[in-house]
Participant: 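Take a look at the following structure, please.
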Amino acid sequence: MAAARASYDLRFDSGRLCLDLLATGGGRPGEERLGSPDQLREWLFGAGAVPPGTPLDGVDAGWVGRFHAARELLQRVVHAEVDGRAADPDLERVNALAATAPPAVLAVRAGDGTLVRHLAAAPGCDALVGQVARDAVELLTDPVARGQLRRCAGETCSLVYLDTSRGRRRRWCSSEVCGNRERVARHRRRALGGPGRG
């Protein structure tokens, strides 16, 4: 039951690995979705940072702290870029993280003969944090992807996502979460005789 609840809380709908890490902060003050080693393991699998079945026995509170630090750094950089501001000192730190050697990915045959991703060895924390930082570098240096960055229009949400919708009209980080909150609030305003009722 607890695992199902954790899966519901984790978000993988931002469009990029680095933005999915930002979403673990919740987007609303006081929300934390990456508070334990188990949640970090679940996030690494859910976000596709590691293939299913990868041994992650080394994940501990130290890893959680490193991912929190990376998330805070990426939060500052991504939000600065969305707002059209420079974040050069933080960008240098992202570049330093991105320079870490990535986990080596191999193509291996599964039992049914299909090719699947498999890591050559159990990945270390530095390699996985570096993988997220490299994704941020790729995102921020791709003019098309950068042009698709949007901040959620939800009143209490600060999440950033990649808008790949037709016509680039997506307003919320998630239609099911923030979009639904807006629809419910609009319905309540109408029910209470708010604007537009008459």
Side-chain angles (χ1 to χ4, degrees), residues 6-34 39-40 42-51 67-95 97-98 102 105 117 128-190 195-196:
S7 293
Y8 175 78
D9 287 342
L10 290 172
R11 304 270 305 271
F12 305 106
D13 51 5
S14 69
R16 292 298 288 247
L17 176 64
C18 62
L19 299 179
D20 282 344
L21 179 61
L22 298 186
T24 65
R28 295 163 55 121
E31 282 187 323
E32 177 58 65
R33 294 183 172 119
L34 205 60
Q39 287 174 321
L40 177 55
E42 186 175 352
W43 182 82
L44 289 166
F45 287 121
V50 295
F67 272 86
H68 282 183
R71 181 181 67 195
E72 290 169 20
L73 174 64
L74 292 173
Q75 180 88 4
R76 290 192 304 270
V77 170
V78 169
H79 280 265
E81 291 298 320
V82 168
D83 294 340
R85 297 179 285 117
D88 291 340
D90 283 334
L91 197 54
E92 289 175 23
R93 292 179 59 209
V94 170
N95 286 334
L97 289 175
V105 181
R117 289 185 323 138
L128 293 175
V129 168
Q131 180 179 349
V132 176
R134 269 187 306 285
D135 182 63
V137 168
E138 290 170 11
L139 169 64
L140 297 173
T141 58
D142 178 343
V144 173
R146 246 183 93 151
Q148 296 172 339
L149 282 173
R150 303 284 184 273
R151 190 184 319 266
C152 182
E155 285 184 24
T156 59
C157 185
S158 64
L159 293 182
V160 174
Y161 60 90
L162 213 57
D163 182 4
T164 57
S165 67
R166 185 178 215 156
R168 307 292 182 259
R169 289 185 256 183
R170 182 174 161 189
R171 295 183 50 211
W172 302 292
C173 61
S174 167
S175 181
E176 292 80 23
V177 180
C178 287
N180 191 50
R181 281 187 195 124
E182 176 61 28
R183 287 186 288 275
V184 168
R186 195 175 333 144
H187 174 74
R188 285 185 181 146
R189 284 190 299 270
R190 281 194 299 260

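Only this structure's heavy atoms are used, side chains among them; waters, hydrogens and symmetry mates stay out. The structure displayed is predicted, hence computed values, not measured ones.
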Participant: Do the side chains of Leu97 and Val132 get nearer than 4.5 Å, heavy atoms only?
Facilitator: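 Not in contact.
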Participant: Which one of Arg150, Arg151, Arg146 satisfies the salt bridge (Lys or Arg N to Asp or Glu O under 4.0 Å) criterion with Glu81?
Facilitator: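 Result: among Arg150, Arg151, Arg146, Arg146 is the only option passing the salt bridge (Lys or Arg N to Asp or Glu O under 4.0 Å) with Glu81.
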Participant: Would you indicate whether the side-chain heavy atoms of Leu21 and Trp43 approach each other to under 4.5 Å?
Facilitator: yes
Participant: Which pairs count as salt bridge (Lys or Arg N to Asp or Glu O under 4.0 Å) when at least one residue sits in residues 130-144, sequence neighbours excluded?
Facilitator: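 Output for this query lists Arg16-Asp135.
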Participant: Distance from Asp90 atom CG to Glu72 atom CD, nearest 0.5 Å?
Facilitator: 10.5 Å
Participant: For the backbone of Leu74 and the side chain of Arg71, can you confirm whether one donor and one acceptor N or O come within less than 3.5 Å of each other?
Facilitator: no
Participant: Give a yes or no on this: more than 12 heavy atoms of other residues, nucleotides or ligands lie within 6.0 Å of atom CZ of Arg169.
Facilitator: no
Participant: How about Val82 and His79: do any of their side-chain heavy atoms sit closer than 4.5 Å?
Facilitator: no
Participant: Is any side-chain heavy atom of Arg33 closer than 4.5 Å to one of Gln39?
Facilitator: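 Gln39 vs Arg33: side chains apart.
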Participant: Among residues at least two apart in sequence or on other chains, which ones pass side-chain hydrogen bond (donor to acceptor under 3.5 Å, both in side chains) with Asp88?
Facilitator: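 If we apply the side-chain hydrogen bond (donor to acceptor under 3.5 Å, both in side chains) test to Asp88, skipping adjacent residues, there are no hits.
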Participant: State the CG-CG distance between Leu139 and Leu149, to the nearest 0.5 angstrom.
Facilitator: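 CG of Leu149 is found 5.0 Å from CG of Leu139.
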Participant: From Leu10 CG over to Glu42 CD, what is the distance, rounded to the nearest 0.5 angstrom?
Facilitator: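 If we round to the nearest 0.5 Å, Leu10:CG and Glu42:CD are 5.0 Å apart.
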Participant: In Å and rounded to the nearest 0.5 Å, what is the SG to CG distance from Cys18 to Leu162?
Facilitator: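 Reported value, rounded in 0.5 Å steps: 9.0 Å.
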Participant: Would you say the side chain of Phe67 lies within less than 4.5 Å of the side chain of Leu44, judging by non-hydrogen atoms?
Facilitator: yes
Participant: Within this structure, what is the OG1-CG distance for the pair Thr24 and Leu19, rounded to the nearest 0.5 Å?
Facilitator: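 CG of Leu19 is found 11.5 Å from OG1 of Thr24.
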Participant: Is Asp20 reaching over with its side chain to a backbone N or O of Ser14, donor-acceptor style, under 3.5 angstrom?
Facilitator: yes
